[in-house]
Chemist: 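Take a look at this one; I'll ask things after.
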Amino acid sequence: MENKEGLIWYNGDLVDWKDAKLHLLSHGLHYASSVFEGERAYSGKIFKLNEHTERLLDSASQLDLNVPYTLSEIKAACCLVLEKNNLTDAYIRPIIWRGAETMGVSAPNSKIHCAIAVWEWPSYFSPEDKLKGIKLTLSKWKRPSPETIPCKAKAAGLYMICTLSKQEAESRGYDDALMLDWKGQIAEATGANIFFIIGNEIHTPVPDSFLDGITRRTVIEIAKVQGLKIIERKIEIDELSDFEQCFITGTAAEVTPVSEIDNFNFSVGDQIMKLSDSYIDLVNNWDGD
């Protein structure tokens, strides 16, 4: 990734991709004082840019990062870097972090940096995966209690166990991992929310220890319009045999069906395909903020 061509918005300036560097002793690297967003542009428009930017700034606030840019400035910068890289369908990654002024756990006076990169990145999973469904395995790592982490922040440090979980899953021939919460109930995949279908009902875990994803909320609204009943509740692992279909949602994953979770099998049915088609239609015709 470090050798790509293009421009990155870095603290208010457009710099060459290869020159967008930070110091070795940056606090964000050593102590994970960093937050970020994952956004997608379709046909030249960034889907739900306002919501993503609001969440970015809210995440920063939860980590006590005093961002030197306004919501409007960050939104404008996202659009600018998309335009200057001549991209219309792309992934956008804004990130905010503490600099290298202080090396120690507490660093209230460190400079707060902000950068935005964009690049072409197809869906997280291949078109073939979207047709047949991906395979998940249960992770040994659990989402921590909300009393122990700022679980509503999209913070870099919270993804450490996601990296461990996904890498372990891939090494065993799976596409991703299913994570439970600290109580042993179903939470999410490593970078996506999860849903289960039985009949005309969609069941999904209550997002009390993980992000209530923007794509999650979007798909819930689509499902309601399609006449499906949404049930947000605690889901036990032994309930998986009761469900007929399963899918995950996220900016990177979009709407991706799941065919297996270890020994539990699911069909890739018309309901998931209809939700996926409606989501793709919405994002490609997005004319909002």
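Remember, it's a predicted structure, so these values are computed and weren't measured experimentally. Values below: every heavy atom of this structure, side chains too, minus hydrogens, waters and symmetry copies.
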Chemist: Check step by step if side-chain contact (heavy atoms from CB on, under 4.5 Å) holds for Gln185 and Leu180.
Modeler: CA-CA 5 Å; Gln185 296 166 318; Leu180 305 182; over 6 Å; no
Chemist: Can you list everything that forms a ring-ring contact (aromatic ring centres under 6.0 Å, His included) with Phe36? Sequence neighbours excluded, please.
Modeler: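 Partners of Phe36 by the ring-ring contact (aromatic ring centres under 6.0 Å, His included) criterion, ordered by chain and then number, come out as Tyr159.
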Chemist: Indicate whether any N or O donor in one side chain lies under 3.5 Å from an N or O acceptor in the other, for Ser139 and Ser165.
Modeler: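 Side-chain D/A pair, Ser139 to Ser165: present.
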Chemist: Are Val255 and Met273 in one and the same hydrophobic cluster, where Ile, Leu, Val, Met, Phe, Trp and Tyr link if side-chain heavy atoms are under 4.5 Å apart?
Modeler: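 Same hydrophobic cluster.
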Chemist: Would a 4.5 Å heavy-atom cut-off, applied to side chains only, mark Lys142 and Lys183 as touching?
Modeler: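 Sidechains of Lys183 and Lys142: no contact.
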Chemist: Considering residues at least two apart in sequence or located in another chain, which fulfil the side-chain contact (heavy atoms from CB on, under 4.5 Å) criterion with Lys45?
Modeler: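 Lys45 satisfies side-chain contact (heavy atoms from CB on, under 4.5 Å) with Asp287 only.
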Chemist: So, are Lys48 and Glu54 salt-bridged, with charged N and O less than 4.0 Å apart?
Modeler: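 So Lys48 does not pair with Glu54 through a salt bridge.
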Chemist: According to ring-ring contact (aromatic ring centres under 6.0 Å, His included), who are the partners of Tyr42, at least two apart in sequence or on a separate chain?
Modeler: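 Partners of Tyr42 under the ring-ring contact (aromatic ring centres under 6.0 Å, His included) test: none.
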Chemist: Would you say that Trp17 contacts Leu7 through its side chain, given a criterion of any heavy-atom pair below 4.5 Å between the two side chains?
Modeler: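 A side-chain contact is absent here, since even the closest heavy-atom pair is not under 4.5 Å.
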Chemist: Show your working on side-chain contact (heavy atoms from CB on, under 4.5 Å) between Ser34 and Ile95 and close with a plain yes or no.
Modeler: CA-CA 7 Å; Ser34 170; Ile95 184 166; 3.6 Å; yes
Chemist: Cut-off 3.5 Å, no hydrogens considered: what does the side-chain donor-acceptor table look like for residues 276-283, sequence neighbours left out?
Modeler:
{"unit_1": "Ser278", "atom_1": "OG", "unit_2": "Gln226", "atom_2": "NE2", "d": "2.8"}
{"unit_1": "Ser278", "atom_1": "OG", "unit_2": "Lys274", "atom_2": "O", "d": "3.0"}
{"unit_1": "Asp281", "atom_1": "OD1", "unit_2": "Asn285", "atom_2": "ND2", "d": "3.2"}

Chemist: Other than Val225, which residues form its hydrophobic cluster under the rule that side-chain heavy atoms must be closer than 4.5 Å?
Modeler: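 Hydrophobic cluster check, Val225: no partners found.
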Chemist: Please determine whether the number of non-hydrogen atoms from other residues, nucleotides or ligands lying under 6.0 Å from atom CG of Asp242 exceeds 12.
Modeler: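 Yes - once you tally the heavy atoms of other residues, nucleotides and ligands closer than 6.0 Å, there are more than 12.
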Chemist: Answer yes or no: is there a side-chain heavy-atom contact under 4.5 Å between Ser43 and Thr88?
Modeler: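 No; the side chains remain at least 4.5 Å from each other.
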Chemist: Checking the side chain of Thr148 only, and the main-chain atoms of Pro144 only, is there a donor and an acceptor separated by less than 3.5 Å?
Modeler: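 No: the side chain of Thr148 does not pair with the backbone of Pro144.
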Chemist: Is any side-chain heavy atom of Ser209 closer than 4.5 Å to a side-chain heavy atom of Trp182?
Modeler: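 In contact.
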Chemist: Nearest 0.5 angstrom please: Trp97 CH2 to Ser33 OG, how far?
Modeler: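 Going from the CH2 atom of Trp97 to the OG atom of Ser33 covers 11.0 Å.
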Chemist: Has Ser145 got a side-chain atom pairing as donor or acceptor with Glu147's backbone, closer than 3.5 angstrom?
Modeler: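 Side chain of Ser145 to backbone of Glu147, a donor-acceptor pair under 3.5 Å: yes, one is there.
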Chemist: Return the CG to CD1 distance between Leu14 and Ile8, rounded to the nearest 0.5 Å.
Modeler: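 So the gap between those two atoms works out to 10.0 Å.
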Chemist: Holding to salt bridge (Lys or Arg N to Asp or Glu O under 4.0 Å), I want the full list of residues that pass it with Glu39, two or more places apart in sequence or in another chain.
Modeler: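 For Glu39 there are no salt bridge (Lys or Arg N to Asp or Glu O under 4.0 Å) partners, ignoring immediate neighbours.
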Chemist: Hydrophobic clusters here meaning ILVMFWY residues chained together by side-chain heavy-atom distances under 4.5 Å, can you tell me if Val258 and Leu138 are in one?
Modeler: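 As far as the 4.5 Å side-chain criterion goes, Leu138 and Val258 are connected within one cluster.
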Chemist: Quick one: does any side-chain atom of Asn193 pair with a main-chain N or O of Gly213 as donor and acceptor, under 3.5 Å?
Modeler: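 Yes, Asn193 side chain to Gly213 backbone: donor-acceptor pair under 3.5 Å.
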Chemist: Does Tyr10 use its side chain to pair, donor to acceptor, with the backbone of Lys21 at less than 3.5 Å?
Modeler: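 Side chain of Tyr10 to backbone of Lys21, a donor-acceptor pair under 3.5 Å: yes, one is there.
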Chemist: Any chance you could lay out the salt bridge (Lys or Arg N to Asp or Glu O under 4.0 Å) test for Asp16 and Lys4, step after step, and finish with the verdict?
Modeler: CA-CA 10 Å; Asp16 187 83; Lys4 291 178 69 67; over 6 Å; no
Chemist: Taking side chain as C-beta onward, heavy atoms only, is His52 less than 4.5 Å from Thr251?
Modeler: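 Result yes, sub-4.5 Å side-chain heavy-atom pair found.
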Chemist: If I take atom CG from residue Leu22 and atom NE2 from residue His27, how far apart are they, to the nearest 0.5 angstrom?
Modeler: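 One gets 13.5 Å once the value is rounded to the nearest 0.5 Å.
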Chemist: Roughly how far apart are Ser61 OG and Ile96 CD1, rounded to 0.5 Å?
Modeler: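 Ser61 OG to Ile96 CD1: 11.0 Å, rounded to 0.5 Å.
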Chemist: Test side-chain contact (heavy atoms from CB on, under 4.5 Å) on Leu178 and Phe264; report intermediate values, then the result.
Modeler: CA-CA 12 Å; Leu178 174 66; Phe264 299 96; over 6 Å; no
Chemist: Suppose we screen for salt bridge (Lys or Arg N to Asp or Glu O under 4.0 Å). Which residues come up paired with Lys166, at least two apart in sequence or across chains?
Modeler: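 Listed in chain order: Glu170.
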Chemist: Taking C-beta and beyond as the side chain, do Thr137 and Ile261 meet within less than 4.5 Å on heavy atoms?
Modeler: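 No; the side chains remain at least 4.5 Å from each other.
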Chemist: How long is the gap from CD on Glu188 to CG on Asp212, to the nearest 0.5 Å?
Modeler: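 So the gap between those two atoms works out to 11.0 Å.
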Chemist: Rounded to the nearest 0.5 Å, what's the gap from CG on Leu136 to CE on Met179? Could you check?
Modeler: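 Leu136 CG to Met179 CE: 12.0 Å, rounded to 0.5 Å.
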Chemist: Surrounding CG of Asn66 (heavy atoms of other residues, nucleotides or ligands, distance under 6.0 Å), is the total greater than 12?
Modeler: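 No.
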Chemist: State which residues pass ring-ring contact (aromatic ring centres under 6.0 Å, His included) with Tyr69; sequence neighbours excluded, sorted by chain then number.
Modeler: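 Partners of Tyr69 by the ring-ring contact (aromatic ring centres under 6.0 Å, His included) criterion, ordered by chain and then number, come out as Trp9.
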Chemist: If you measure from the Lys or Arg side-chain nitrogens to the Asp or Glu carboxylate oxygens, is any gap between Glu37 and Lys154 under 4.0 Å?
Modeler: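 Between Lys154 and Glu37 there is no salt bridge, as every charged N stays at least 4.0 Å from the carboxylate O atoms.
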Chemist: Using a 3.5 Å cut-off and no angle test, enumerate the donor-acceptor pairs between side-chain atoms of residues 101-116 and protein atoms at least two apart in sequence or in another chain.
Modeler:
{"unit_1": "Glu101", "atom_1": "OE1", "unit_2": "Lys111", "atom_2": "N", "d": "2.9"}
{"unit_1": "His113", "atom_1": "ND1", "unit_2": "Asn11", "atom_2": "ND2", "d": "2.9"}

Chemist: Among Glu254, Glu221, Glu232, find the one that has a salt bridge (Lys or Arg N to Asp or Glu O under 4.0 Å) with Arg216.
Modeler: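 Only match with Arg216 under salt bridge (Lys or Arg N to Asp or Glu O under 4.0 Å): Glu232.
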Chemist: Quick one: salt bridge (Lys or Arg N to Asp or Glu O under 4.0 Å) pairs with a partner in residues 71-95, sequence neighbours left out?
Modeler: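 Pairs touching residues 71-95 that pass the test: Lys75-Asp289.
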Chemist: Using side-chain heavy atoms (C-beta onward) and a distance below 4.5 Å, is Thr256 in contact with Ile134?
Modeler: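 Sidechains of Ile134 and Thr256: in contact.
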Chemist: Would you check, one step at a time, whether the test salt bridge (Lys or Arg N to Asp or Glu O under 4.0 Å) holds for Glu51 with Arg217?
Modeler: CA-CA 11 Å; Glu51 282 188 52; Arg217 296 198 299 266; 2.9 Å; yes
Chemist: Does Gln245 use its side chain to pair, donor to acceptor, with the backbone of Gly269 at less than 3.5 Å?
Modeler: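 Yes, Gln245 side chain to Gly269 backbone: donor-acceptor pair under 3.5 Å.
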Chemist: Taking the side chain from Asp13 and the backbone from Val15, do they hold a donor-acceptor pair closer than 3.5 Å?
Modeler: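 Judged by distance alone, no pair lies under 3.5 Å.
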Chemist: Would you call Glu236 and Ile186 a side-chain contact if the rule is heavy atoms closer than 4.5 Å?
Modeler: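 Glu236 does not reach Ile186 side chain to side chain.
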Chemist: Output, in order, the C-alpha distance, side-chain angles, deciding distance and verdict of side-chain contact (heavy atoms from CB on, under 4.5 Å) for Lys18 and Glu2.
Modeler: CA-CA 6 Å; Lys18 298 182 183 67; Glu2 69 270 22; over 6 Å; no
Chemist: With sequence neighbours excluded, tell me which residues meet ring-ring contact (aromatic ring centres under 6.0 Å, His included) with Trp141.
Modeler: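 Testing Trp141 for ring-ring contact (aromatic ring centres under 6.0 Å, His included), a comparison that skips the adjacent residues, returns none.
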Chemist: Could you pull out every donor-acceptor pair under 3.5 Å between side chains of residues 195-206 and any protein atom, sequence neighbours left out?
Modeler:
{"unit_1": "Asn200", "atom_1": "ND2", "unit_2": "Gly227", "atom_2": "O", "d": "3.0"}
{"unit_1": "Glu201", "atom_1": "OE1", "unit_2": "His203", "atom_2": "NE2", "d": "2.9"}
{"unit_1": "His203", "atom_1": "ND1", "unit_2": "Arg233", "atom_2": "NE", "d": "2.9"}
{"unit_1": "His203", "atom_1": "ND1", "unit_2": "Arg233", "atom_2": "NH2", "d": "3.3"}
{"unit_1": "Thr204", "atom_1": "OG1", "unit_2": "Ile194", "atom_2": "O", "d": "2.7"}

Chemist: So, does Asp176 use its side chain to make a donor-acceptor pair with the main chain of Gly191 at under 3.5 Å?
Modeler: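 Side chain of Asp176 to backbone of Gly191, a donor-acceptor pair under 3.5 Å: no, none is there.
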Chemist: Any sub-3.5 Å donor-acceptor pair from Asp181's side-chain atoms to Arg143's backbone N or O?
Modeler: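 Here the side-chain-to-backbone pair does not exist.
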Chemist: Closer than 3.5 angstrom, by distance alone: can the side chain of Ser171 be matched with the main-chain N or O of Glu168 as a donor-acceptor pair?
Modeler: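 It does hold such a pair.
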Chemist: Any donor-acceptor pair under 3.5 Å linking the side chain of His30 with the backbone of Leu24?
Modeler: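 Checked: pair present.
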